[in-house]
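Counting starts at 1 for both ligands and their atoms, in listed order.
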Amino acid sequence: MAQIKNIGVFTSGGDAPGMNAAIRAVVRTALYHNIQVTGIRRGYEGMIHGEMGPMDRKSVSNIIQRGGTILKTARSDGFKTVGGRKMAYNQLVKNGVDALVGIGGDGTFTGARIFGQEYNIPFIGLPGTIDNDLQGTDFTIGYDTAINTVIDAVDKIRDTAESHERLFIIEVMGRDSGLIALRTGIAAGAEAILIPETKNNITALFDRLERGRKDKASKIVMVAEGEEAGGAFEIGRQVKEKYPNYDTRVSILGHIQRGGRPSCMDRVLASRVGVAAVEALLAGRKGEMIGITHNEITYTPFEHAVKHHVDINPNFLKIVEILSL
Ligand code: ATP
């Protein structure tokens, strides 16, 4: 096994708070071990076009607390082609990069798996996505910050919901997964949670509203964007039609969920897996995502990290039903 001399680091897919803390950890750990680091801008797209340059300890100063990613991120159709990946590999060779750490979600690791089959370059992934939808880690970098941002927003909405005695239907991110809606719904004291993993959500919601306390001043319903009815506006329309007496409002939280200062949890997670990524490369590991499971560093092959849908905990739904009495 050739000794690693220059690690390329990049962020890819949707940005997530804590990505900067992960970049910092990778850069500082590599330098600690006397290995050079190359920062690749704009994910796979920048890799294809040779947008990369050396990083030193100062290039990651004062970023641990910042949201977004200093390396920028992008979605790249070019990397999905054989020719695009060849261009990317040639750029890595040209810049002396002989190992990679990519921070992103399932798309990023799918690309990494294919690239690893075509080219002999050690590649380690770090879970950076607000979705928390990867196998092989209890939490992904960005998820904790995102759910705290949601809670902060819902608490504010509840003030107005309470004052005006309104029913608020609040949509949060989650095209395929209800993990954000489920956790924030419990923490916000929601009446009901509508997620893609469950069926007949509208019927269940009506049932819930029928059985719930009629004298409650405010009601909060959390909806994941990929829910079967098609989102909060459609649910709001149906609720208004059935319950014209309720003062029903819809709020879509949108991109505020991606931004902001990373929470302590996300910074620590990013720092731990960032250090572990470089140490894994030095130990000869490749083709794996590094996560933390039950507080231990774990290594999951890319194909397993992306393969399965992360199941929701059915107890969480039961908790909502009990507690929204
Ligand atoms: P998030 O979960 O935040 O959306 P992600 O990593 O899943 O992050 P994607 O846009 O799905 O984000 O993937 C990032 C990039 O990975 C894509 O823009 C593309 O360049 C690359 N990629 C995804 N799928 C493939 C594939 N099948 N082959 C090669 N590259 C791929």
Among all protein heavy atoms in this structure, tell me which lies nearest to [atom], with the distance rounded to 0.1 Å.
atom                    : answer
atom 2 (O) of ligand 1  : T129 OG1, 3.3 Å
atom 1 (P) of ligand 1  : G14 N, 3.8 Å
atom 9 (P) of ligand 1  : R75 NH1, 3.3 Å
atom 27 (N) of ligand 1 : T110 CG2, 3.5 Å
atom 11 (O) of ligand 1 : G107 CA, 3.5 Å
atom 30 (N) of ligand 1 : G111 CA, 3.4 Å
atom 15 (C) of ligand 1 : S12 OG, 3.7 Å

Exercise. Heavy atom under 4.0 Å from ligand 1: found in Y44's side chain, backbone, both, or neither?
Worked result: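 It is the side chain that touches ligand 1; the backbone stays farther off.
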Exercise. Ligand 1 versus D131, non-hydrogen atoms closer than 4.0 Å: side chain, backbone, both, neither?
Worked result: side chain
Are any of the N/O atoms in [X] less than 3.5 Å from those in ligand 1?
X    : result
A74  : no
T108 : yes
S76  : yes
R258 : no
D106 : yes
G13  : no
I114 : no

Exercise. Is R249 salt-bridged to D247, going by a charged N under 4.0 Å from an acidic O?
Worked result: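 A salt bridge is present here (some side-chain N lies under 4.0 Å from a carboxylate O).
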Exercise. Rounded to the nearest 0.5 Å, what separation is found between the CZ atom of F123 and the CD atom of Q117?
Worked result: 12.5 Å
List the atom of [X], the atom of [Y], and the distance in Å for their closest heavy-atom pair.
X    : Y    : answer
A280 : Y299 : CB-CE2, 4.0 Å
G178 : A224 : CA-CB, 4.1 Å
S76  : I48  : OG-CD1, 3.7 Å
G96  : N6   : O-CB, 3.1 Å

For this session: Answer yes or no: does atom CG of N120 have more than 12 heavy-atom neighbours from other residues, nucleotides or ligands under 6.0 Å?
Result: no
For this session: Taking atom OH of Y32 as the centre, report whether more than 12 heavy atoms of other residues, nucleotides or ligands fall under 6.0 Å from it.
Result: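 Incorrect, the count does not exceed 12.
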Problem set entry | Side chain proximity check, Y143 to T129, heavy atoms < 4.5 angstrom | no
